Amino acid sequence: MNFSRGHPRIITGMEKMLIKNHLAELVKRAITNAQTAGALPAFALPAVFVERPQKKEWGDFSTSLALKLAKDAKRAPLQIAQTLAAHMPPDAAVAQVTTSAPGFVNFILSEAWLAQQVETILAAGERFGDLENPAPQNIQVEYVSVNPTGPMHVGSGRNGALGDTLANILVAAGHRVQREFYINDNGSQVRHLGESVFARYAQALGADEKFPADGYQGAYVTDIGKRLAAQYGDQYLRAPRAQAIRDLGGSAMEIIRAQIEQTLARMGIRFDQWFSERSLHDGGAFAQVLAILKRKGLVFEKDDAVWFAAQALGEEKDAVLIRSPKVITNPDERPTYLASDVAYVWNKLAVRKFDRAIYVWGADHHGDVPRVLAAARALGLDPTRATILLYQFVTLKRGGELVKMSKRTGEFVTLDELIGEVGPDAVRFMLIAQSANTTMDFDLDLAVKQSDENPVYYVQYAHARIASILKKAAETGARAAAGDVALLTHPAELELIRAMLRLPEMIDLAATKLEPHHLPHYAIELAGIFHAFYKQCRVVSSDPADAELTRARLKLVAAAKQTLARTLRLMGVAAPESM
RNA sequence: GCGCCCGUAGCUCAAUGGAUAGAGCAUCAGUCUUCGGAACUGAGGGUUGCAGGUUCGAGUCCUGCCGGGCGUGCCA
């Protein structure tokens, strides 16, 4: 069987179907077969899960179904397992079905079938790993969304790496994805930034302007002040002060936003849309949701402020949507961030009609999650369409000490600095390697010092090594195209194929659980298995007797290169030809 | 006080309710006459914070403690 030569496929569509799902179908048929034969009593077909066992002795896949079935089938688990194994329909992918105590059914994949998968992988090209999705969704992933009031710190890097990788994974899982950055350009912070920048602007022009006590103190504000002074001259010294602050604040925010875009681009993070918070108010979305909430009696006034009656929806506290004029004089600054959030969820799910909206938030905002979901519910939206993914904080260590980070004092390690020191690939890899709900200690000394032993280089090295092999093969004239993958029978070869076949499973897992961290772990494992293969199996041989095997192995390593490259690309990490 | 997250090997971390809890780093011992040694093989290292509970089965779920982080604003 060789797909590329047009032989009939044994399993139709297998290249995009998860093997475990295929095996689950076999198990279901085994149940029906056994019931028809009277070997099992009648019972409702349960959900069948096939999983990867921990030990090789337990085969490539296994199911604990018999253990769960014991009650309904009124039999001992191991006996059920044996019955299932006996009634398993034959399948080209499966060489053997075994059972083990206390009631597992194990599948051992056919080695001939495994070898043929190299052709399938090569045929899939750089789309290998993609899932066939019976129900693709329009999903929006919104991430980073940091306030454009200063350079980003490492936490925003984690946000961006998570969001972008997640978006890549969801695309691979067959969904349509829109990537969005929410610009917090509303409220008092624009004015705060404007006041700070105005002071630096004026100082740059030699004016005696006092810096506001609660202003943004970073050097970047001084730089922007100078830049705006050069651009506009002293025209804003003569303009009305409020207008100067508003205009310069707006300019500064756009400058910072562009810098943020640039920094993220260094990490391969990009967006389809930059969405303005202010537009929710200017465009009337907030007024609209406020009207809906009012109609439902979920809005009330107290102490001159407008409140969202979250308690009526089971939340702990009510929350202010529009602040009192007595507290905030400027009407533009009265709506709270919650007001924007409520309008935003409406915009995402009702106006733009995404099937699903995924938010990537720092854990310091976790307290807001229930309120936003409650608001969605109140607006008649299904709250399960909105998923707020929280990630824990990143703390930086340098010289064994915690690096305190604060935008106000301007003392922090920026994401740009980190990328400069550690490199974008290592930064991205490290930031997604840990589960989002683990607090991350990022040791700068270690990250720089260990850059040679960094896992990301281990993976990239495997890729570069294969590139080198292929180059060498080209020089010697060995051609992969004519290779017969049936010759791939060495245990190390088969291990490598098995590892490659796990990529779609990883994508499925990461997409289902919204957990990108599975990818880097998989990448390390795949690279390791390749290195082990490399040690054991010579690819390009000068011995003419090995010519056939060389060609077959060239196909194998080409497939491995492609799988590594895909995995790296999903993580936004470069797959270098040499390093 | 209350809410959320975390606690797993010396360190950093994995483990869709499944079988004897796994990797990397570090430590120790090995491997190389040809494709990239940024490599490979092996060893030691654990009462999964503690105590109960749920069930055929718990690192995972529930309850209570202990320890750490983050929240608990008419801040964003």
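All values derive from a computational prediction rather than experimental measurement. Note: hydrogens, waters and symmetry copies are ignored here, and every other heavy atom, side chains too, is used. Order of the sequence lines fixes the chain letters, A, B, ..., with proteins taken first and strands second; residue numbering starts at 1 for each chain.
- Between A:R323 and the phosphate of B:A76, there is a side-chain N or O to OP1/OP2 separation shorter than 4.0 Å.
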Can you give me the N/O atom pairs linking the protein to nucleotides 40-46 of chain B at distances under 3.5 Å, or say none if there are none?
residue : atom : partner : partner atom : Å
B:C40   : OP1  : A:Y458  : OH           : 2.4

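- For B:A38, the base has no donor-acceptor partner in the side chain of A:Y461 [N/O atoms by modelled type, under 3.5 angstrom].
- One atom, CZ of A:R479, and another, C1' of B:C35, lie 19 Å apart when rounded to the nearest Å.
- Only the P atoms considered, B:A39 is 45 Å distant from B:G57, to the nearest whole Å.
- Checked against B:A76, B:C74, B:U72, the side chain of A:V320 finds its nearest nucleotide in B:C74.
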Under the 3.5 Å Watson-Crick or G-U criterion, the dot-bracket string of RNA chain B, with | for inter-strand pairs: (((((((..((((....[...)))).(((((.......))))).....(((((..]....))))))))))))....
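- Distance noted for atom P between B:G1 and B:A19: 38 Å (whole Å).
- The side chain of A:K55 lies closest to B:G22 when the candidates are B:C74, B:A38, B:G22.
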Just do the side chain to side chain donor-acceptor pair (under 3.5 Å) check on A:S340 and A:N186 with the steps written out, would you? CA-CA 9 Å; A:S340 300; A:N186 203 47; 4.6 Å; no
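- When rounded to the nearest whole Å, the span between CE of A:M440 and P of B:G69 equals 18 Å.
- Atom CZ of A:F533 is separated from atom P of B:C35 by 15 Å (rounded to the nearest Å).
- For A:L519 and B:A14, the CG to P distance is 14 Å, given to the nearest whole Å.
- A:A70 comes within contact range of no nucleotide atom at all, as no heavy-atom separation falls under 4.0 Å.
- As rounded to the nearest Å, B:C2 and B:G18 have P atoms that lie 32 Å from one another.
- When heavy atoms are screened at a 4.0 angstrom cut-off, A:A101 is found touching base atoms of the nucleic acid.
- Rounded to the nearest Å, the gap between the C1' atom of B:A58 and that of B:U48 is 11 Å.
- Nucleotides B:C13 and B:G49 are separated by 15 Å at their P atoms, to the nearest Å.
- In this model, the phosphate group of B:A76 is not approached by any side-chain N or O of A:N147 to a distance below 4.0 Å at OP1 or OP2.
- Distance noted for atom P between B:G44 and B:C6: 32 Å (whole Å).
- Within 4.0 Å of A:T476, counting heavy atoms only, lies no atom of the nucleic acid at all.
- For A:S62, the side-chain atoms get nearest to B:A19 when compared with the rest of B:G36, B:A19, B:C74.
- Spacing of C1' atoms, B:G68 relative to B:C50, comes out at 16 Å, to the nearest Å.
- Phosphate proximity of B:C6 to A:S435: absent, as no side-chain N or O sits under 4.0 Å from OP1 or OP2.
- Here B:C35 is the nucleotide among B:C35, B:G3, B:C75 with the atom lying nearest to any side-chain atom of A:V540.
- Put simply, A:S64 has no side-chain N or O that comes within less than 4.0 Å of OP1 or OP2 on B:G18.
- Comparing B:C35, B:A19, B:G3 against the side chain of A:E316 picks out B:G3 as the nearest.
- You won't find any donor-acceptor pair under 3.5 Å spanning the side chain of A:H365 and the base of B:G71, going by distance alone.
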Kindly give the atom pairs (protein nitrogen or oxygen, nucleotide nitrogen or oxygen) under 3.5 Å for nucleotides 55-62 of chain B.
residue : atom : partner : partner atom : Å
B:C56   : OP1  : A:K71   : NZ           : 3.2

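- Both A:L390 and A:A464 sit near RNA chain B, but only A:L390 has its closest nucleotide nearer the 5' end.
- Remark: A:Q189 is not in phosphate contact with B:A76, judged by side-chain N or O atoms under 4.0 Å from OP1 or OP2.
- If you check B:A76, B:G69, B:C74 against the side chain of A:D303, the one that comes closest is B:C74.
- Heavy-atom nearest nucleotides on RNA chain B were determined for A:N184 and for A:S542, and the one closer to the 5' end corresponds to A:S542.
- Comparing the C1' positions of B:A29 and B:G64 gives a spacing of 47 Å, expressed to the nearest Å.
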